[in-house]
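Step one of this worksheet: look at the structure below.
Side chains are part of it too, since the values below use all heavy atoms of this structure and drop only hydrogens, waters and symmetry mates. Owing to the predicted nature of the structure, the values given are computational and were not obtained by experimental measurement.
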Amino acid sequence: MSPTVPTEWTPATTHDLWVGLGVLTAGLVLALEKRRRGVRDDRVWALVALAVAFGAVGARLGTWLQHLDLTANDPAVIHWIYGNRSILGGLACAYVAVLVGKRLLRMRWRTGALFAPTVAAGMAVGRIGCLLTEPPGTPTDLPWGVTVSPGDAATWGVPAGTTLHPSFAYEIAFHLLALLAIWLCRDRLADPADLFTLYITGYALFRFAVEPVRGNEVVWLDLTRPQLFLAATLPLLIWRSVIAIRRRAPGGHRESPVLAG
């Protein structure tokens with residue numbers, strides 16, 4: 001007897017499909033930008049593999065330790081299978097993975113010029129899956145609000161007919177605008193690698209500001225968990241961005257990405 005193949009197209013399937021398309025889009029943009037800049041160092045693809053792998057782990061485990069009382073958190077295996085995912089946790093782990101990977105591979109040149117448009121494009125596409133499958137935000141009277149259908153009402157715990165902020169649409173718009181800004185400024189900075197620092201800082205500021213309409217749980221000082229994480233990391237990001245903006249010339253000698261490899 002042949003095995004039964006499930007045919008139901010679930011929200012999780014839709015979400016994962018768009019995440020996969022986001023990863024493919026990011027890979028395509030990286031390949032194009034790598035070629036445009038004349039980078040022949042193929043160790044970049046090892047960094048991509050590390051970023052994807054550790055980003056996936058960070059996204060899944062980034063929402064695990066939600067309570068100071070550790071007994072109130074789900075077992076790690078249960079959370080891995082059924083828990084929510086955090087894009088901030090994924091980005092943080094991917095960033096650390098790239099830093100460690102560069103050290104292990106002895107890459108001395110900065111890769112931010114390649115990864116800035118790559119991540120922005122991948123995020124813009126991947127977030128479509130969130131827009132199509134997850135509760136979009138808090139109630140709103142704005143004309144562009146998303147109306148909750150009877151089918152989604154039970155799943156989201158919101159009365160049918162309620163209009164909600166399309167917070168993921170806001171985020172998609174941010175990443176597309178960021179991608180445009182990166183394109184316009186791609187060769188205007190003293191060190192193009194600073195594009196990634198400026199992009200991540202901009203995203204952190206945007207995400208902190210948009211959190212009130214996301215509908216995430218407020219846990220302390222009227223802040224959500226993502227806002228608390230961002231409050232701890234934003235000072236460093238802003239400091240790095242100020243240095244990037246004031247930079248007048250690339251500092252120090254770096255291995256050329258064109259000649260490497």
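- Between R110 and D194 there is a salt bridge, with a side-chain nitrogen of the basic residue lying less than 4.0 Å from a carboxylate oxygen of the acidic one.
- Residue pairs that meet the side-chain hydrogen bond (donor to acceptor under 3.5 Å, both in side chains) test with at least one member in residues 91-103, sequence neighbours left out, do not exist here.
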Derivation and outcome, side-chain contact (heavy atoms from CB on, under 4.5 Å), residues I245 and L189 = CA-CA 8 Å; I245 293 171; L189 296 179; over 6 Å; no
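- A distance of 8.5 Å separates CG in L237 from CG in L230, rounded to the nearest 0.5 Å.
- Salt-bridge annotation for E171 and R214: present, with a side-chain N of the basic residue lying under 4.0 Å from a carboxylate O of the acidic one.
- The backbone N or O of L30 lies less than 3.5 Å from no partner atom in the side chain of E33, so there is not a single donor-acceptor pair.
- T201 meets the side-chain hydrogen bond (donor to acceptor under 3.5 Å, both in side chains) test with S241; sequence neighbours excluded.
- Note: E211 CD to N216 CG = 4.5 Å, rounded to the nearest 0.5 Å.
- A single hydrophobic cluster is seen to contain both V39 and V48, as judged by linkage of ILVMFWY side chains at heavy-atom distances under 4.5 Å, directly or through other members.
- When all heavy atoms are compared, the tightest approach of A26 to G122 is CB-CA, 4.1 Å.
- For the atom pair CD of E217 and CZ of R225, the computed distance is 4.5 Å after rounding to the nearest 0.5 Å.
- The distance from the CG atom of L205 to the CZ atom of F174 is 8.5 Å, given to the nearest 0.5 Å.
- Around atom CZ of R186, more than 12 heavy atoms belonging to other residues, nucleotides or ligands sit under 6.0 Å away.
- Residues V23 and L28 are members of separate hydrophobic clusters, defined by side-chain heavy-atom contacts under 4.5 angstrom among Ile, Leu, Val, Met, Phe, Trp and Tyr.
- Atom CD1 in I128 sits 4.0 Å away from atom CH2 in W18 (nearest 0.5 Å).
- For the atom pair M123 CE and T118 OG1, the distance stands at 13.0 Å (nearest 0.5 Å).
- Side-chain atoms of T233 come within 3.5 Å of backbone N or O of F229 as a donor-acceptor pair.
- Taking both residues in full, the closest heavy atoms of T140 and G145 are given as CG2-CA, 4.0 Å, listed atom of the first, atom of the second, then distance.
- The environment of CH2 in W239 is sparse: at most 12 heavy-atom neighbours from other residues, nucleotides or ligands sit within 6.0 Å.
- Note: F196 and F115 have perpendicular aromatic rings, judged against thresholds of 30 and 60 degrees for the angle between ring planes.
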Begin from the C-alpha positions of R240 and I200 and carry the test side-chain contact (heavy atoms from CB on, under 4.5 Å) through to its verdict.
-> CA-CA 11 Å; R240 291 287 304 274; I200 288 296; over 6 Å; no
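- Hydrophobic clustering keeps I238 apart from I243 (ILVMFWY residues linked when any side-chain heavy atoms are closer than 4.5 Å, directly or through intermediates).
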side-chain contact (heavy atoms from CB on, under 4.5 Å) evaluation trace for V119 with H175 | CA-CA 9 Å; V119 176; H175 292 299; over 6 Å; no
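- The two atoms that bring P166 and P136 nearest to each other are CA-CB, 4.0 Å, heavy atoms only.
- Between L164 and V148 the shortest side-chain heavy-atom distance falls below 4.5 Å.
- With side-chain heavy atoms closer than 4.5 Å counting as contact, directly or through intermediates, the hydrophobic cluster containing L50 also holds F54.
- Under the 3.5 Å distance criterion, the side-chain polar atoms of R188 are left unmatched by any main-chain donor or acceptor of C185.
- Using a cutoff of 4.0 Å between basic side-chain nitrogens and carboxylate oxygens, D41 and K34 are not scored as salt-bridged.
- Between L179 and A121, the closest heavy-atom pair is CD2-CB, 4.1 Å.
- With hydrophobic clusters built from ILVMFWY side chains whose heavy atoms lie under 4.5 angstrom apart, V210 shares a cluster with I87.
- With hydrogens and angles ignored, the 3.5 Å screen pairs no side-chain donor or acceptor of T147 with any backbone N or O of T163.
- Few gaps surround CG on D187; more than 12 heavy atoms of other groups in view lie less than 6.0 Å from it.
- Looking only at side-chain heavy atoms (C-beta outward), L88 and Y203 come within less than 4.5 Å of each other.
- Here the closest heavy-atom approach between residue S167 and residue V213 is recorded as CB-O, 4.1 Å.
- Of the possible polar contacts, none joining the T162 side chain to the V158 backbone as a donor-acceptor pair under 3.5 Å is found.
- A pairwise comparison of heavy atoms in P212 and A209 identifies CD-O, 3.2 Å as the closest pair.
- Taken together through direct or relayed side-chain contacts under 4.5 Å among Ile, Leu, Val, Met, Phe, Trp and Tyr, F168 and V125 form part of one hydrophobic cluster.
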